[in-house]
Amino acid sequence: MGWNMSRWKELPASLDQRVRQFVVQLRRLKDRSGLSLAALAAKTSYSSSSWERYLNGKQLPPRDAVEELARVCGADTTRLLVLHEVAEEAWTDEAAETEEAAEDGLLAPGTPTTPPAGPDPRPGPRRTTTVVLAAAVVALTAALVAVLLVTRPWQDDRTAGAHDHAAASGGNTPAPFVFVQGRSRPCEVQRHDGDLRAGYSATRTTLMDLKTSGWEVLEAQCLLRYHGFDPGIADGSYGDRSKDAAKAFQKARGLVVDGIVGPDTWQELRR
């Protein structure tokens, strides 16, 4: 099914094709989510004006923004970050060339510095080097995507969550939790036997405070986000941002506000 992009502003003609493809992908994810810019801003750490710049090709979003968009839209974070890396390379290269041209007096004052979309008409060794580097980036990206398609590392998160859920119900032994810095895991909260569950743990009693990590932490992070309290990246590590979200949740539910997730907080999270 195609995506209706007619309501989007036309991207700048000077935008590099690699950046253009990345921005189009961001737009598709945003359309699929059905979220407005204001709603997207409310669910992420970035303002609606920032998202407007990112989605209209005026500014390349930072890596954290890309991860948060993937999390909100339920998209494949790894694939989106690969596209972001390629776009960032193109954006940086073209910005450097534009800056050098301005220093050499080849650009008049006020000339837009958005990277050009078409081929560089200037011949010489520098152009050849740019082409070689671009080809190397494309080849490296293709190899990385091929590896990802074979190994499918993103499936580990869902499988591990399912194993943990089965163990909590008396099934197979859960896989050991391994914390990976910056790795966001999917949150799919559903109601099961009257309780809200994200599929990582069925606990209602585990105590959690700062520096705690594990499937139970990931479960709590997903439930906090489901209730509208942002714990930051869902990585299974209970840090300051997760604790702040827990405090806000406890205050809203009339609980003791200490940021420690225990039986009373679990009971409310499961509602």
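Computed from a predicted structure; not experimentally measured. Side chains are part of it too, since the values below use all heavy atoms of this structure and drop only hydrogens, waters and symmetry mates.
- Thr206 pairs by the side chain to side chain donor-acceptor pair (under 3.5 Å) definition with Thr203, not counting sequence neighbours.
- A salt bridge between Arg185 and Glu219 is absent, with no side-chain N of the basic residue lying under 4.0 Å from a carboxylate O of the acidic one.
- Under the 3.5 Å distance criterion, the side-chain polar atoms of Asn56 are left unmatched by any main-chain donor or acceptor of Lys58.
- For Arg53, there are no salt bridge (Lys or Arg N to Asp or Glu O under 4.0 Å) partners two or more places apart in sequence or in a different chain.
- Under the side chain to side chain donor-acceptor pair (under 3.5 Å) criterion, Asp264 pairs with no residue, sequence neighbours left out.
- Considering only residues two or more places apart in sequence or on other chains, Asp64 meets the salt bridge (Lys or Arg N to Asp or Glu O under 4.0 Å) condition with none of them.
- For the salt bridge (charged side-chain N to carboxylate O under 4.0 Å, His left out) criterion with Glu52, the lone passing option out of Lys9, Arg27, Lys30 is Lys9.
- Evaluation of the side chain to side chain donor-acceptor pair (under 3.5 Å) rule for Asp244 yields no partner, not counting sequence neighbours.
- Closest non-hydrogen pair, Val72 versus Lys43, comes out as CG2-O, 3.7 Å.
- Qualifying salt bridge (Lys or Arg N to Asp or Glu O under 4.0 Å) partners for Glu88, counting only residues two or more places apart in sequence or in other chains: none.
- Each disulfide (SG to SG under 2.5 Å) pair with one or both residues in residues 241-271, not counting sequence neighbours, would appear here, but there are none.
- Atom CZ of Arg225 sits about 8.5 Å away from atom CD1 of Ile233, to the nearest 0.5 Å.
- Not counting sequence neighbours, the partners of Glu68 by the salt bridge (Lys or Arg N to Asp or Glu O under 4.0 Å) test are Arg71.
- Taking a 4.5 Å side-chain heavy-atom cut-off between Ile, Leu, Val, Met, Phe, Trp and Tyr, the cluster of Leu196 extends to Val189, Met208, Val217, Leu223, Leu224, Tyr226, Phe229, Tyr238, Phe249, Val261, Trp266, Leu269.
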Going through the checks in order, is the side-chain contact (heavy atoms from CB on, under 4.5 Å) test met by Arg241 and Gln221? CA-CA 10 Å; Arg241 189 163 176 180; Gln221 289 173 328; over 6 Å; no

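- Residues in residues 210-271 take part in these disulfide (SG to SG under 2.5 Å) pairs, two or more places apart or across chains: Cys187-Cys222.
- Residue pairs meeting the salt bridge (Lys or Arg N to Asp or Glu O under 4.0 Å) criterion with at least one member in residues 247-262, sequence neighbours excluded, are Arg253-Glu268.
- In this structure, Thr77 contributes its side chain and Glu67 its backbone to no donor-acceptor pair below 3.5 Å.
- Thr205 meets the side chain to side chain donor-acceptor pair (under 3.5 Å) test with no other residue; sequence neighbours excluded.
- Checked by atom type and distance alone, the side chain of Gln190 never pairs as donor or acceptor with a backbone atom of Gly199 at under 3.5 Å.
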